[in-house]
Amino acid sequence: MDKPLVVVTGAGSGIGAATARAFSREGHPLLLLGRRAERLEALGLPRALCRAADVVDGAAVAAAVKAAEAAYGPVDALVNSAAVLQPGVAAAQSREHWEQMVDVNIKGVLGCVQAVLPGMIERGGGTVITIGSIAAYKTAGVEAVYSATKSAAHILSEGIRQQAAPHGTRVITVAPGYVATGMGDLIADDGLRVEHAESQQAAGGGLAAEDVAETVLFVYRQPQKVCIREVVLASTAQVV
């Protein structure tokens, strides 16, 4: 029996790439979304439609979903993995950086949900999984904006879950601690980049992206009547 279509955002690296590989291994066709098409294509996954699309661009996301559904059938799962982290002192932080976090981490999640949820509700099934963060609950001062966006994503998912539940559709949040994805390497501030790396190292290097991907696969594999609403996971060595 053919497996249904899964959409993964931020699929070019880190948790998104690991999640794409995990679902592909299970035989699912995929729609892979990311900002760089070459990274998506480099994964070399079968039956994967790769589209360079910023999750903030709702029209591009909707068009990609339409094309994927024409090729592989209705979307059964969406994994919102795209995210941006740019720590900074709130009083002096670059407006560009905090707007980017708000756009990707909140608006991007909502836009992708709007591209797939109506169909799921109409069909009476489907699963939306958003990669949240422990930072939604326990923030470092310099991650105030990032933590706020992740908190927003968590509460957004919970609200959407309540709306979708009567229609047999699951909405789930998977919230990891430090994950060795290279995300911290993109921090613009040199000092904060070093500080982030040191904190992650103190947590034993953090989880592997594959650890999070396997958790995503686990919650998805449950019977449709079972919704594991939220999972929080971190490396055993992570203290906070």
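When the side chains of ILVMFWY residues are joined at heavy-atom separations under 4.5 Å, either directly or via intervening members, Leu49 and Val79 end up in two distinct hydrophobic clusters. Under the 4.5 Å side-chain contact rule for hydrophobic residues, Ile121 and Val75 share a cluster. Val212 and Val8 fall within the same hydrophobic cluster, where Ile, Leu, Val, Met, Phe, Trp and Tyr residues are linked whenever their side-chain heavy atoms come under 4.5 Å apart, directly or through other members. No continuous path of ILVMFWY side-chain contacts below 4.5 Å connects Ile129 to Leu117, so the two sit in separate hydrophobic clusters. Follow the hydrophobic side-chain contacts under 4.5 Å out from Val174 and you reach Val179 in the same cluster.
Considering only heavy atoms from C-beta on, His97 stays 4.5 Å or farther from Val145 through its side chain. Using a 4.5 Å cut-off on side-chain heavy atoms (C-beta onward), Val216 and Phe23 make contact. Counting heavy atoms from C-beta outward, Thr19 and Ser81 have side chains that stay 4.5 Å or more apart. Using a 4.5 Å heavy-atom cutoff, the side chains of Leu30 and Ser24 are in contact. Taking 4.5 Å as the limit, every side-chain heavy atom of Arg170 sits out of range of all side-chain heavy atoms of Val219. Residues Glu69 and Leu31 form no side-chain contact, since every pair of their non-hydrogen atoms from C-beta on lies 4.5 Å or further apart.
Of the possible polar contacts, none joining the Ser147 side chain to the Ala144 backbone as a donor-acceptor pair under 3.5 Å is found. At least one donor-acceptor pair under 3.5 Å links the side chain of Gln224 to the backbone N or O of Gly168. With hydrogens and angles disregarded, no donor-acceptor distance shorter than 3.5 Å links the side chain of His28 to the backbone of Arg47. A donor-acceptor contact shorter than 3.5 Å is absent between the side chain of Asn80 and the backbone of Val128.
Shown here for Ala53 and Ala60, the closest heavy-atom pair between the two residues is CB-CB, 4.1 Å. In terms of heavy atoms, Glu214 sits closest to Ala22 at OE2-CB, 4.3 Å. Taking each heavy atom of Lys150 and Ala83 in turn, the nearest pair found is NZ-CB, 3.8 Å. Closest non-hydrogen pair, Ala82 versus Asn105, comes out as O-OD1, 4.5 Å. Between Leu32 and Ala48, the shortest heavy-atom distance links the atoms CD1-CB, 4.1 Å. Annotation for Leu43 and Ala17: closest pair CD2-CB, 4.0 Å, computed over non-hydrogen atoms.
Annotation: the span from Ile131 atom CD1 to Thr9 atom OG1 amounts to 8.5 Å, rounded to 0.5 Å. Interatomic distance, OG of Ser133 versus NE2 of His154, reported as 6.5 Å (0.5 Å rounding). Here CZ of Arg161 is found 10.5 Å from CD of Gln163. Values are rounded to the nearest 0.5 Å. Summarising the geometry, atom CG belonging to Leu40 is positioned 11.5 Å from atom CZ belonging to Arg35; distances are rounded to the nearest 0.5 Å. With rounding to the nearest 0.5 Å, the separation of CD1 in Ile228 from OG1 in Thr173 is 12.5 Å. Rounding to the nearest 0.5 Å gives a distance of 5.5 Å between CD of Glu210 and CZ of Arg21.
Asp76 and Tyr220 share a side-chain donor-acceptor pair at under 3.5 Å.
Paired with Asp103 under the rule side chain to side chain contact (heavy atoms under 4.5 Å, CB included), one option of Gln100, Met101, Lys107 passes, and it is Lys107.
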Please step through side-chain contact (heavy atoms from CB on, under 4.5 Å) for the pair Val61 and Arg51, ending with a clear verdict.
CA-CA 9 Å; Val61 171; Arg51 286 292 175 90; over 6 Å; no
Are Glu26 and Val6 close enough, and set up right, to give a side-chain contact (heavy atoms from CB on, under 4.5 Å), and what steps lead you there?
CA-CA 11 Å; Glu26 295 289 306; Val6 175; over 6 Å; no
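The 12-atom threshold is exceeded at CD of Gln162, counting heavy atoms of other residues, nucleotides or ligands nearer than 6.0 Å.
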